[in-house]
Amino acid sequence: MIGETMIEKLRGVRDFYPENQYGRRVIYETLYNTLKRFGFKEVCTPSIESLEMITKKSGAGIVDEIYAFKDKGGRDICLIPELTPSIARMVVQRQKELRKPIKWCSFSRHWRYERPQKGRQREFYQFNADILGVRSSRSDFEIIAAGIECMLFLGLSNFKFHISNRKILESFFDSHGIPVKEAFTIVDKRSKVSEEEFKEMIRTLGAGEECYLQLTSLLDISGTVSECIPQISDALKDTNTHVKEALDNLKEMGAFIDHYGFSKHCMIDLSIVRGLAYYTDMVFEVFDKKKSMRSLFGGGRYDDLIELFDGQKTPAVGFAIGIPMLELLMKEEGKWPEPDFGPDYFIIMLGNVEKEAFALIKKLRESSTVEYALTGKNMKNQMNEANSIGAKNAIIIGERDLENKTVTVKDMKTGTQESVQLNKFYE
RNA sequence: GCCGGGGUAGGGUAGCAUGGUUAUCCUAAAGGACUGUGGAUCCUUUGACUCGGGUUCAAAUCUCGGCCCUGGCCCCA
């Protein structure tokens with residue numbers, strides 16, 4: 001009885017009934033098959049990890065935001081809030097034997113103890129892809145290309161990859177003596193506040209009028225990656241080696257994107273900083289073109305993380321796609337896969353014909369979906385069941401037919417039926 | 001953690017302002033009318049006021065709190 005606490009669903013989790021799970025299955029397979037074309041191999045990580053591993057990356061404050069608890073042995077553990085630490089651990093464990101580049105992808109389930117919102121649940125699913133062990137514009141591009149192909153293979157075209165390189169703003173703020181971390185937080189908020197508020201916020205960090213103007217001219221640069229490089233160069237007064245490297249990186253990526261024919265899916269957007277995360281260089285976020293929703297997914301380069309887990313210096317680049325946001329967009333665009341659960345055949349048995357019927361069912365199941373009534377029913381009710389579950393054909397096996405070694409095959413859509421020799425099915 | 005909107009059978013709803021019989025209608029599900037031919041129709045059955053306290057002769061209705069859903073803030077790995 002609903003109302004008993006025992007069987008109520010917990011907050012922020014979802015059940016997936018067949019008609020909804022079907023679409024998720026299609027998404028999983030599409031994403032996996034897409035990444036496979038790029039040479040990614042699938043891995044799977046545990047759902048629980050030591051709490052220390054998570055705090056090592058994100059700090060002790062994260063404990064309030066995740067499912068952390070003591071197991072029966074008194075160990076501090078948690079349900080994983082993200083995949084990357086586990087991936088890092090897997091890489092470090094086999095550091096020596098893994099051939100670089102490592103290209104891994106993974107479906108994973110994650111948990112965060114936070115207030116549920118649109119597209120944000122306490123338990124959620126992600127698809128991740130990472131390239132580890134190389135630092136190059138090619139690998140940055142490859143991740144982006146894989147992300148774009150994922151969207152395209154899902155039937156989506158109404159999206160845009162906003163690409164940046166954190167080193168550019170990092171150096172910019174550095175050279176003006178502005179604390180980078182705080183500045184990034186403000187840049188990240190720019191789209192949420194008025195321009196006046198933004199100006200005021202950035203001013204409190206010590207930015208003068210000239211600095212503000214220069215910053216906004218950088219942030220407002222918009223266009224394909226290739227065509228924006230000169231604009232960025234112009235907008236930056238001084239360029240140090242970090243900036244030069246970042247510009248080269250964007251320039252090369254821009255060229256690759258053009259060659260690959262993906263320029264219409266990409267644009268420069270230096271306001272993308274990806275929060276305060278562990279990203280070091282190239283970063284990107286994907287939005288629907290109207291930008292009506294929060295970002296669909298994002299990623300970037302994180303060259304220092306593996307080292308943090310006591311590994312050798314291992315550069316890495318990757319992305320994470322949140323399945324809930326994909327689901328929302330696909331439903332909005334009418335691209336959500338609708339299932340057709342109707343079997344190819346529904347076997348109707350009349351009288352004592354189970355010997356022949358089950359032999360036929362097994363034969364047909366070699367290449368078709370076949371169902372039959374699991375409770376004894378009369379003709380009418382069996383036909384009714386065939387109809388209501390959406391069977392394409394009904395095969396009537398009755399004592400009367402079997403005298404002539406035939407069965408009756410009925411097309412459920414047109415209603416036409418014909419007598420077929422039983423041995424036809426075994427040829 | 002903060003601010004707002006919600007919660008009536010499995011799904012969708014009426015009723016709530018102004019408290020008052022057995023809580024409305026549609027749909028779905030199960031069974032039957034119907035023993036070798038489905039989608040129709042008819043009949044039957046199952047099935048709800050989110051939970052708890054308060055006010056009252058009387059609460060789905062007024063009130064307080066919890067839980068859950070939902071939009072946003074904070075946060076976003």
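No hydrogens, no waters, no symmetry mates; every other heavy atom, side chains included, goes into these values. A, B, ... follow the sequence lines: proteins, then strands. Residue 1 opens every chain. This is a predicted model, so every value here is computed, not measured.
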Using a 3.5 Å distance criterion without hydrogens, assess whether the side chain of [X] forms a donor-acceptor pair with backbone atoms of [Y].
| X | Y | value |
| --- | --- | --- |
| A:K380 | A:N384 | no |
| A:T314 | A:Q312 | yes |
| A:S368 | A:R365 | no |
| A:T406 | A:D401 | yes |

How is [X] classified with respect to the nucleic acid when contacts are heavy atoms under 4.0 Å: base, sugar-phosphate, or nothing?
| X | answer |
| --- | --- |
| A:K57 | sugar-phosphate |
| A:K56 | nothing |
| A:L83 | nothing |
| A:I348 | nothing |
| A:I54 | nothing |
| A:T84 | nothing |

Can you tell me how far [atom1] in [N] sits from the matching atom in [M], rounded to whole Å?
| N | M | atom1 | answer |
| --- | --- | --- | --- |
| B:A60 | B:U37 | C1' | 48 Å |
| B:G65 | B:U55 | C1' | 15 Å |
| B:U50 | B:A59 | C1' | 15 Å |
| B:G11 | B:A29 | P | 14 Å |
| B:G6 | B:C43 | C1' | 38 Å |
| B:G15 | B:A9 | P | 16 Å |
| B:C67 | B:G52 | C1' | 10 Å |
| B:U18 | B:C62 | P | 9 Å |

For [N], give the paired nucleotide (Watson-Crick: N1-N3 plus N6-O4 or O6-N4; G-U: N1-O2 and O6-N3; both under 3.5 Å), or none.
| N | answer |
| --- | --- |
| B:U44 | B:A30 |
| B:U56 | none |
| B:A9 | none |
| B:A17 | none |
| B:G65 | B:C51 |
| B:G1 | B:C73 |

Can you check the A:Q382 CD to B:G32 P distance for me, whole Å?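 Interatomic distance, CD of A:Q382 to P of B:G32: 12 Å.
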A:Y278 atom OH is separated from B:C76 atom P, nearest whole Å, by 13 Å
Select one nucleotide: of B:U35, B:C75, B:G32, the one nearest the side-chain heavy atoms of A:N381.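 That would be B:G32.
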Task: Nucleotide of B:A77, B:G38, B:G36 approaching A:K410 most closely (side-chain heavy atoms) - done: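 So the nucleotide nearest the side chain must be B:G38.
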Is the Lys NZ or Arg CZ of A:R122 less than 6.0 Å from the centre of A:Y113's six-membered ring, within 45° of the axis?
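Satisfied, under 6.0 Å and within 45°.
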| message | Would you say A:Y279 and A:R166 are linked by a side-chain donor-acceptor pair, where the criterion is simply a distance under 3.5 Å? | response | no
Between the side chains of A:D281 and A:N249, does any donor sit under 3.5 Å from an acceptor?
-> no
* To do: Measure the OG1-CG distance between A:T34 and A:L31 for me, rounded to the nearest 0.5 Å.
  =>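 Separation between the atoms: 6.0 Å.
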task = Enter the distance from A:F346:CZ to A:E371:CD here, rounded to the nearest 0.5 Å.
result =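 It is 7.0 Å, given to the nearest 0.5 Å.
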Atom pairs under 3.5 Å: protein N/O with N/O of nucleotides 68-71 of chain B:
from: B:C69; atom 1: OP1; to: A:G12; atom 2: N; distance (Å): 2.7
from: B:C69; atom 1: OP2; to: A:R11; atom 2: NE; distance (Å): 3.2
from: B:U70; atom 1: O4; to: A:R115; atom 2: NH1; distance (Å): 2.7
from: B:U70; atom 1: O4; to: A:R115; atom 2: NH2; distance (Å): 2.5
from: B:G71; atom 1: OP2; to: A:K118; atom 2: N; distance (Å): 3.3
from: B:G71; atom 1: O6; to: A:R115; atom 2: NH2; distance (Å): 2.8

_No-H, no-angle donor-acceptor pair, A:Q417 side chain to B:U37 base, under 3.5 Å_ = yes
**Message:** I need the full list of side-chain hydrogen bond (donor to acceptor under 3.5 Å, both in side chains) pairs touching residues 341-352 of chain A, with sequence neighbours left out, sorted by first then second residue.
**Reply:**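 Pairs touching residues 341-352 of chain A that pass the test: A:D344-A:T369.
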Expected list for residues 397-406 of chain A near RNA chain B, using heavy atoms below 4.0 Å, is A:G398, A:E399, A:R400, A:D401
- [ ] Enumerate the residue pairs fulfilling salt bridge (charged side-chain N to carboxylate O under 4.0 Å, His left out) with a member in residues 26-47 of chain A, sequence neighbours excluded, ordered by first and then second residue.
- [x]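 Passing the test, one end in residues 26-47 of chain A: A:R25-A:E29.
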Show the distances under 3.5 angstrom between N or O atoms of the protein and N or O atoms of nucleotides 39-42 of chain B.
from: B:G39; atom 1: O4'; to: A:N387; atom 2: ND2; distance (Å): 3.0

Relative to each other, are the rings of A:Y372 and A:F358 parallel, tilted or perpendicular (30° and 60° limits)?
-> perpendicular
When A:L35, A:L83, A:L98 are each screened for side-chain contact (heavy atoms from CB on, under 4.5 Å) with A:W104, the one that passes is A:L98
Which atom pairs, donor and acceptor, lie under 3.5 Å between side-chain atoms of residues 62-70 of chain A and protein residues at least two apart or in another chain?
from: A:K70; atom 1: NZ; to: A:D76; atom 2: OD1; distance (Å): 3.1
from: A:K70; atom 1: NZ; to: A:D76; atom 2: OD2; distance (Å): 3.4

